[in-house]
Protein chains: 2
Amino acid sequence: MTTVSELQSGPPPSPRRRRADALRSITAILDAATETLNRRSEATIEDIAKAAGISRQTVYAHFPSREALLQALMERVTEQVVTAIDAADLDTGPADAALVRLLETGWVALGTNPFLLHLTLPPIDPEQERERHEPILARLERLVVRGQEQDEIDPQLPVAWVLSATLALGHAAGEEVRAGRMTPTEAVQVLRTSIPRLVRPGR
Amino acid sequence: MTTVSELQSGPPPSPRRRRADALRSITAILDAATETLNRRSEATIEDIAKAAGISRQTVYAHFPSREALLQALMERVTEQVVTAIDAADLDTGPADAALVRLLETGWVALGTNPFLLHLTLPPIDPEQERERHEPILARLERLVVRGQEQDEIDPQLPVAWVLSATLALGHAAGEEVRAGRMTPTEAVQVLRTSIPRLVRPGR
DNA sequence: ACTAAGTCTTACGTCAATGTCCAAGTTACT
DNA sequence: AGTAACTTGGACATTGACGTAAGACTTAGT
């Protein structure tokens with residue numbers, strides 16, 4: 001059939017008729033794939049289908065191959081993250097608080113997609129990868145640089161390290177929640193104290 | 001043939017003759033497996049064999065199955081980490097400095113085995129898992145608790161979080177090095193400033 | 001130099017996942 | 001109510017990894 005890739009593009013390039021149940025299936029698949037692959041990155045198409053409550057064939061009806069599924073998945077996740085970032089309104093207030101806000105909305109709350117970070121399929125060209133990560137990185141870097149200029153973030157620290165470290169802490173907090181060692185509230189709490197400590201300039 | 005599992009046990013239970021090249025092969029396999037699985041956790045036995053510079057069959061000559069290989073791998077890694085921990089001499093000096101020392105020897109230097117953390121094979125019983133992690137966790141917890149008692153580590157922070165966060169930062173630094181965005185020296189440098197900031201009690 | 005241990009090549013059987021096809025049944029739109 | 005879109009179940013070819021086996025060859029130890 002038709003690949004879903006045309007879906008998230010703005011104006012419909014081809015006047016394709018799409019029924020409601022089809023759309024439901026598609027999002028069910030993507031949700032299930034996110035959930036399942038987060039636990040086992042080697043999960044089968046069948047696993048995903050089962051988790052989505054549909055048959056394996058239906059998956060193939062919308063995504064021509066496993067590759068295509070993962071592709072679409074990455075696109076959607078990226079899109080969600082970008083949305084979350086914009087919602088966090090990074091340009092307002094102290095930069096370190098903005099970092100925390102970012103983690104709250106984007107990572108801890110919305111599901112913490114660690115597989116996204118470590119799912120580098122072989123048949124992905126670096127150009128595409130860059131292109132996908134660029135909008136995210138650009139926003140984050142801008143935030144960090146702003147924070148350093150306003151002396152809310154230690155200018156001594158490399159920008160890349162501030163980002164890595166922050167995301168690592170966010171990921172770690174998400175893990176704690178997922179493992180049941182912390183409640184989401186505690187996780188947010190601990191991030192609120194840890195991130196500023198990490199990035200604030202020494203007095 | 002005989003499984004390698006008898007190897008790291010203390011006194012040889014069966015007086016097995018082992019030739020030098022066999023031992024060489026075994027460590028070559030284990031090293032290659034560590035290296036390869038760190039990049040792709042779904043790596044084939046053939047991949048590992050190729051990386052080790054031997055044939056696939058030789059792998060099977062020493063490890064009856066993929067499962068057994070991973071098993072042995074986990075054991076060896078655990079052993080190495082424990083050794084590294086003991087070498088870091090955690091009971092001496094300020095606790096936060098000890099944490100940094102730990103990362104330097106155990107993670108950044110010795111190869112940063114992230115796959116160890118995320119490689120939870122289905123057919124692993126939790127009891128065995130606990131048993132494996134116990135010696136490591138015990139040492140680390142003891143360190144953190146000591147630090148909190150001596151007021152070198154913020155007593156407000158949950159012990160589990162101090163550990164997670166520290167390891168997360170160590171892992172992040174290792175990633176930076178692996179990705180070529182930092183030199184090992186810079187990584188150590190940045191850890192030396194970041195860890196204390198993170199865990200030191202607020203003035 | 002002899003011998004046992006170890007390795008290599010080739011080959012084979014099994015199994016699970018991918019991807020394809022089709023026919024029959026459901027479900028959404030108008 | 002009618003039709004096109006969608007889903008489903010079964011069936012099938014293909015591929016790749018696992019695990020096993022046997023014979024020829026090479027290497028280490030004494």
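Convention: sequence-line order gives letters A, B, ...; per-chain numbering from 1.
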Asks: Heavy atoms from C-beta onward define the side chain here; which of D/dG19, D/dT8, D/dA5 lies closest to that of A/Arg19?
Replies: D/dA5
Asks: Could you give the CD1-to-P distance, from B/Ile48 to D/dA17, as a whole number of Å?
Replies: 12 Å
Asks: Taking all non-hydrogen atoms of both residues into account, name the closest pair between A/Glu42 and A/Arg66 and its distance.
Replies: C-NH2, 4.1 Å
Asks: Looking at B/Asp96 and B/Ile195, what are the two nearest heavy atoms and their distance?
Replies: O-CG2, 4.2 Å
Asks: Going by the side-chain hydrogen bond (donor to acceptor under 3.5 Å, both in side chains) test, name the single residue among A/Glu176, A/Arg181, A/His171 that passes it with B/Ser164.
Replies: A/Glu176
Asks: So if I take every side-chain heavy atom of B/Ala20 and compare against D/dA28, C/dG19, D/dC6, which nucleotide ends up nearest?
Replies: D/dA28
Asks: Given atom CD1 of B/Ile54 and atom P of C/dG6, what is their separation to the nearest angstrom?
Replies: 13 Å
Asks: Closer than 4.0 Å, any side-chain N/O of B/His62 to the OP1 or OP2 of C/dT7?
Replies: yes
Asks: Is there a side-chain polar atom (N or O) of B/Arg66 under 4.0 Å from OP1 or OP2 of D/dC18?
Replies: yes
Asks: Enumerate the protein-to-nucleotides 11-15 of chain C contacts in which both atoms are nitrogen or oxygen and the separation is below 3.5 Å.
Replies:
from   : atom 1 : to      : atom 2 : distance (Å)
C/dA11 : N6     : B/Gln57 : NE2    : 3.4

Asks: Return the value, rounded to whole Å, for the distance between atom CZ of A/Arg18 and atom P of D/dA5.
Replies: 12 Å
Asks: How long is the line joining CZ of B/Arg24 and C1' of D/dT27, in whole Å?
Replies: 9 Å
Asks: Does C/dC8 have its OP1 or OP2 closer than 4.0 Å to a side-chain nitrogen or oxygen of B/Thr58?
Replies: yes
Asks: For C/dG6, does either OP1 or OP2 sit under 4.0 Å from a side-chain N or O belonging to B/Ser25?
Replies: no
Asks: Give the rounded distance in Å between these two atoms: CD of B/Glu42 and P of D/dG16.
Replies: 16 Å
Asks: Applying side-chain hydrogen bond (donor to acceptor under 3.5 Å, both in side chains) as the test, list every pair that has at least one member in residues 20-29 of chain B; sequence neighbours left out.
Replies: B/Arg19-B/Asp21
Asks: Can you tell me how far P of D/dC18 sits from CZ of B/Phe63, to the nearest Å?
Replies: 15 Å
Asks: Using a distance-only test with no angle check, is there a side-chain donor-acceptor pair under 3.5 angstrom linking B/Asp86 and B/Thr83?
Replies: no
Asks: Measure the angle between the two terminal helix axes of the helix from C/dA1-D/dT30 to C/dT30-D/dA1, five base pairs each, and quote it to 10°.
Replies: 50°
Asks: Using heavy-atom distances to pick each residue's nearest nucleotide on DNA chain D, tell me which of B/Asp47 and A/Ser55 is more 5'.
Replies: A/Ser55
Asks: Out of D/dG29, D/dG19, C/dA28, which has the shortest distance to the side chain of A/Asp21?
Replies: C/dA28
Asks: Send over the distance from B/Leu70 CG to D/dG19 C1', rounded to a whole Å.
Replies: 15 Å
Asks: When you measure from the side-chain N and O atoms of A/Thr44 to the phosphate of C/dA17, is any distance below 4.0 Å, counting only OP1 and OP2?
Replies: yes
Asks: Is it true that A/Arg101 and A/Asp89 make a salt bridge, defined as a side-chain N closer than 4.0 Å to a carboxylate O?
Replies: no
Asks: Check whether B/Gln148 reaches the backbone of B/Asp154 with its side chain - one donor and one acceptor, N or O, closer than 3.5 Å.
Replies: yes
Asks: Over all heavy atoms of both residues, which pair between B/Pro158 and A/Val190 is shortest? Give the atoms and the distance, please.
Replies: CD-CG2, 4.3 Å
Asks: In Å, rounded to the nearest 0.5 Å, how long is the span from OG1 of B/Thr58 to CZ of B/Phe63?
Replies: 11.5 Å
Asks: Under a 4.0 Å N-O cut-off, is there an ion pair linking B/Glu175 with B/Arg178?
Replies: yes
Asks: Are OP1 or OP2 of D/dC18 and a side-chain N or O of B/Ser65 less than 4.0 angstrom apart?
Replies: no
Asks: Please state how far atom CD in A/Glu46 lies from atom P in C/dT18, giving the value in whole angstrom units.
Replies: 9 Å
